[in-house]
Amino acid sequence: MLKLTCPNCGVTGEETEFHPGGEAHLKRFGPGSSDDEFRDYLFQRVNPRGVHFERWRHQYGCGKWFHAARCTQTLEVFGTYTAQTSEIPQNIIDAIKSRRPDWEPEA
Amino acid sequence: MSDPVTGLKGAHFTGDISVTDAGLIGMISIRGDFNAPAFRNAVAAVTGHAVPETRAISGDATGGLAWMSPDELLYFCSYAEAPSKADALSDQLTGTHHMVAVISDARAVFRLSGAGVRDVLAKGAPVDLDPARMGAGEIRRTRLGQVAVAFWFAERDVVELVCFRSVAGFVMDWFEVTAHAGSEVGFHG
């Protein structure tokens, strides 16, 4: 079971209380971008086995979006953090590195 | 004007716990910036309650103010009073980013009582209902079965629960199944 802590209301709930929103930290390519950029933005995902950054919504709770860093192999959650950021917070990076020393954030 | 009725029309059920339509209750959804002094002052002046801390509720369904999300409050008052209270809030909040809506007829309120109330809720809500983790003064928004609800302890062994009016019948049916006489669990003492 996946247990997440919503940083907006502080509730720790299991995954049925939340709704997944796909990969986090995507750069949007909209009007004015090339077809290739738009295709990659819509469809191309790295989808590594291991550390993922995801968007989640606390849909049965406070209704707010947040970001989560977790491992898709072990379901270990490294941390959750605000959705109002485009950077991965340092404390999340540190938490992942303490558990996955080989892991490096993508440039 | 037609007479207001609740979504449950006074339904009552007694099994392991007693489940009752709490009747007509005035509810106002208030949204705004909790950190703005103008918002805090207006809410306190009209409702008589300070803006609650995260996940806190002051008072109960007969008169109270609940934290619903980082930018949303739910105010409980008498049914008749709700429109005038909402007008007063709108007046006080003019010029401040906000939303005030009377939702008395869009929600249903249940009153659950009985020693097994924690066990019954635990059958459908993914919440740690240990008395040390979930006590008086806290409102928990979650799901019950597959519908969104919010509940809090008004007293020991007495829970007030609010849900959308459209699912009130389902929630009542759900309690009739999960709390039927003889289905007690006895986990939460």
Side-chain angles (χ1 to χ4, degrees), chain A residues 1-26 28 52-93 95, chain B residues 29-35 51-57 65-74 99 101 103 106-108 121-130 132-135 137-153 161-164 166-167 170-171 174:
Chain A
M1 187 195 295
L2 187 58
K3 286 177 85 178
L4 297 168
T5 300
C6 173
N8 299 302
C9 65
V11 161
T12 298
E14 45 88 57
E15 63 185 284
T16 62
E17 201 169 314
F18 300 90
H19 190 79
E23 188 178 328
H25 303 298
L26 296 180
R28 182 172 185 270
H52 269 239
F53 297 90
E54 295 175 324
R55 303 170 69 228
W56 285 84
R57 179 171 176 260
H58 195 185
Q59 78 167 350
Y60 285 108
C62 65
K64 300 300 180 192
W65 287 92
F66 61 93
H67 287 167
R70 71 177 182 102
C71 178
T72 52
Q73 262 185 302
T74 62
L75 295 193
E76 177 176 0
V77 177
F78 303 110
T80 55
Y81 53 102
T82 176
Q84 274 70 50
T85 179
S86 53
E87 304 286 326
I88 301 163
Q90 191 58 45
N91 64 328
I92 298 290
I93 292 176
Chain B
S29 178
I30 308 166
R31 298 190 93 137
D33 178 1
F34 289 4
N35 294 318
V51 172
E53 296 296 311
T54 301
R55 297 204 314 282
I57 177 169
L65 189 63
W67 188 99
M68 298 297 276
S69 85
D71 59 0
E72 182 182 356
L73 301 170
L74 184 60
M99 182 203 78
I103 55 170
R107 302 286 185 275
L121 285 172
K123 291 180 186 181
V127 176
D128 186 351
L129 284 152
D130 189 300
R133 305 288 295 273
M134 174 78 202
E138 179 176 351
I139 179 169
R140 182 65 154 82
R141 293 181 73 180
T142 182
R143 67 182 173 87
L144 189 72
Q146 294 173 347
V147 300
V149 299
F151 58 79
W152 60 94
F153 282 84
L161 179 144
V162 56
C163 68
F164 289 113
S166 58
V167 295
F170 168 82
V171 172
W174 190 89

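Order of the sequence lines sets the chain letters (A, B, ...), proteins ahead of strands, with each chain counted from 1. Note that the coordinates shown come from a computational prediction; the quantities given were computed from them, not determined experimentally.
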### Task
Would you name the heavy atoms of B:R140 and A:T12 that are closest together and state the gap between them?
NH2-O, 4.0 Å
### Task
May I ask you to list the residues in residues 58-67 of chain A that approach chain B closer than 4.5 angstrom, counting heavy atoms only, ordered by number?
A:Y60, A:G61, A:C62, A:K64
### Task
Measure the shortest side-chain to side-chain distance between A:T16 and B:P126 over non-hydrogen atoms and say whether it is less than 4.5 angstrom.
yes
### Query
Is chain A contacted by the side chain of B:R143, its backbone, both, or neither, given a heavy-atom distance below 4.5 Å?
both
#### Entry: More than 12 heavy atoms from other groups under 6.0 Å of CD on A:E14
yes
### Message
Just checking B:F34: does its CZ atom have more than 12 heavy atoms from other residues, nucleotides or ligands closer to it than 6.0 angstrom?
### Response
yes
### Residues which pass side-chain hydrogen bond (donor to acceptor under 3.5 Å, both in side chains) with A:T74, listed by chain and number, not counting sequence neighbours
A:R100
### Message
If you count every heavy atom of other residues, nucleotides or ligands that lies below 6.0 Å from A:Q73 atom CD, does the total exceed 12?
### Response
yes
### Query
Taking atom CD of A:E87 as the centre, does the number of heavy atoms from other residues, nucleotides or ligands within less than 6.0 Å exceed 12?
no
### Proximity breakdown for B:T54 and chain A, heavy-atom pairs closer than 4.5 Å
side chain
### Task
With sequence neighbours excluded, tell me which residues meet side-chain contact (heavy atoms from CB on, under 4.5 Å) with A:Q84.
A:T82
### Query
Listed by chain and number, what are the side-chain contact (heavy atoms from CB on, under 4.5 Å) partners of A:E54, not counting sequence neighbours?
A:H52, A:W56, A:R70
